[in-house]
Protein chains: 2
Amino acid sequence: MLRLSKLTDYATVILSFMAKDKTQVLAAMEIASMTGIAQPTVSKILKLLVNANVLISTRGAKGGYALARTPEEISVAAVISALEGPIALTECSISHQGCEQASGCDIRGNWGLINQTIHNALESVTLADLTRPAAVPEEVFVPVASLYR
Amino acid sequence: MLRLSKLTDYATVILSFMAKDKTQVLAAMEIASMTGIAQPTVSKILKLLVNANVLISTRGAKGGYALARTPEEISVAAVISALEGPIALTECSISHQGCEQASGCDIRGNWGLINQTIHNALESVTLADLTRPAAVPEEVFVPVASLYR
DNA sequence: TTAAATAGGACTAGAATAGTCCTCAATTAA
DNA sequence: TTAATTGAGGACTATTCTAGTCCTATTTAA
C-alpha cells in the first residue's frame, strides 16, 4: 500500500502539536495527554526524533522535548526517515547487495530516479506546511516522466 | 522505510521482461525460468496483474499472459496498486473511519495533497520508462511546497 | 537527597508478508 | 473423447515486521 507506519503518522501529529504550542519545552507525559497517544508510545517516538536531530531533549526534572529547528526548517522527509529509516522504495536503492536478478537489474537506475523524485517531494514539504490550514488546489500534477525525455 | 513490497519489486522485473520480449504470450513457467523467480510466486503476481487489468491471460494449452496495453500505457502507479492496493501514505487517506485523533486531524487535508503528489509522480512513469536505459539527470527537483503558497 | 524526566534497550503479541500448494476450470491437440 | 497443458481461485504456513509496553540507568532541579 506504499504506506507510512502508524508511528510515523503519530509523529506528524505530535510534531504539529508541538509546532502549534507556544511552550518551549514539553514533557513526554504532557504530549501524551494532549494528543491522546499512549505515553510509552509517545516516548518511543520522541526518542527516535531526538536521534534524528528533529527534536532536542533536556533531561532531569523540568526537562522535556523541543523542536530542534523552526517548523519551516523541518521537512516531512526528515520525519519519515527518523521513524522508518532511509526513504527508498526498493531494497536495491539502499544497497546493491541482494540484487542478483539477472535480467531485471537495468531497471534500477530508473527506480533510483523515482525514489529521488519522491524523496524531493517529501523534502519540500515542511512541518509548517502541515500545520497550515488545508489547501485544496484544483489540480496537482508533477510530470515526472518528462524528466526522462 | 516507505518501501514497496518484494512482490511489487518482482512485478516490475517481470513486466519489464515481458515488455522487452517479442513473444506475445508467455506462460508463467517461462517467465519464472527467465527471471529466476520461483514459479508459484510468479503465478501469484501474474494473477494479481490480470485482476488489475495490467495483463491479459489466456487459459488452456498454449495459453499464458500478455500485456494488456503497450508499455507506454502502463504506469508504475497501476503496477503498485495492483500488488498493494490503493497508493496512500496514511490510513486516513483511504478511509476517515479510524481518525479519532482530536488535535491532529487538520493535518489530513495536507497529507492528502502529498499523497496525490506522489501518486501523480508514480502515474507519470510508465513501464516503457523503466525498460529504457537508465537516465541520470543532473538534478531532479519537484517543489511540492510551492503548491501550498 | 529526592523527585522528575529522558536514554536505551529488552520483550511480547499481533499483524502483515512471502511463499507454497491444492483443486477446479478452460483450452488445445491427438 | 481423452489427455495434456495452462490459468483461476483460494487455503495455508512460516517468517518477518510492527506496535506497544516495560524495566533499569542516568541526568538535573529543588
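Each chain gets a letter, A, B and so on, in the order its sequence line appears, and its residues count up from 1.
The stretch residues 59-67 of chain A touches DNA chain D through A/Arg59, A/Gly60, A/Ala61, each having a heavy atom within less than 4.0 Å of the strand.
Nearer to the 5' terminus of DNA chain C, by closest-nucleotide assignment, is the contact made by A/Val50 (compared with the other of B/Lys44 and A/Val50).
The environment of CD in B/Gln39 is crowded: more than 12 heavy-atom neighbours from other residues, nucleotides or ligands sit within 6.0 Å.
A/Leu46 comes within 4.0 angstrom of no nucleic acid atom, judged by non-hydrogen atoms across all strands. Residue contacts for B/Ser43: at a heavy-atom cut-off of 4.0 Å it reaches no nucleic acid atom on any strand shown.
Distances from the side chain of A/Pro40 to the nucleotides C/dA18, D/dG7, D/dC22 place D/dC22 closest. Ranking D/dT21, C/dG19, D/dA8 by closeness to the B/Lys6 side chain, first place goes to C/dG19. Across C/dT6, D/dG7, D/dA19, the shortest atom-to-atom separation from the side chain of A/Ala27 is found for C/dT6.
When rounded to the nearest whole Å, the span between CG of A/Leu48 and P of C/dA7 equals 11 Å. In this structure, CG of B/Leu83 is placed 15 Å from C1' of C/dA16, rounded to the nearest angstrom. As rounded to whole Å, 14 Å separates atom P of C/dG8 from atom CG of A/Leu49. Remark: C1' of D/dG20 and CD1 of A/Ile45 are 10 Å apart, rounded to the nearest angstrom. C/dA5 atom C1' lies 10 Å from atom CD of A/Gln39, rounded to whole Å. What separates CZ of B/Arg3 from P of D/dC17 is a distance of 7 Å, to the nearest Å. Separating the CD1 atom of B/Ile14 from the P atom of C/dA18 is a distance of 13 Å, rounded to the nearest angstrom. Across the protein-nucleic acid pair, B/Ile37 atom CD1 and C/dA18 atom C1' stand 13 Å apart, rounded to whole Å.
A/Thr58 has no side-chain polar atom (N or O) that falls below the 4.0 Å cut-off from OP1 or OP2 of D/dT28. Under 4.0 angstrom from either OP1 or OP2 of D/dT21 there lies at least one side-chain N or O belonging to A/Thr41. Using a 4.0 Å cut-off, no side-chain N or O of B/Asn51 falls inside it from OP1 or OP2 of D/dA8. Side-chain N/O atoms of B/Ser57 include one lying less than 4.0 angstrom from OP1 or OP2 on D/dA8.
A side-chain donor-acceptor contact under 3.5 Å links A/Arg69 to the backbone of A/Asn53. Counting only distance, with no hydrogens or angles, the side chain of B/Thr126 and the backbone of B/Asp129 share a donor-acceptor pair below 3.5 Å. Counting only distance, with no hydrogens or angles, the side chain of B/Glu84 and the backbone of B/Ser81 share no donor-acceptor pair below 3.5 Å. No side-chain donor-acceptor contact under 3.5 Å links A/Thr8 to the backbone of A/Leu4.
Only one option out of B/Val50, B/Ile14, B/Leu48 pairs with B/Leu55 in a side-chain contact (heavy atoms from CB on, under 4.5 Å); it is B/Val50.
Considering only heavy atoms from C-beta on, A/Leu122 stays 4.5 Å or farther from A/Val79 through its side chain.
For B/Lys47 against D/dG9, a side-chain N or O and a base N or O form a donor-acceptor pair under 3.5 Å.
Donor-acceptor pairing under 3.5 Å is recorded for the side chains of A/Ser75 and A/Glu123.
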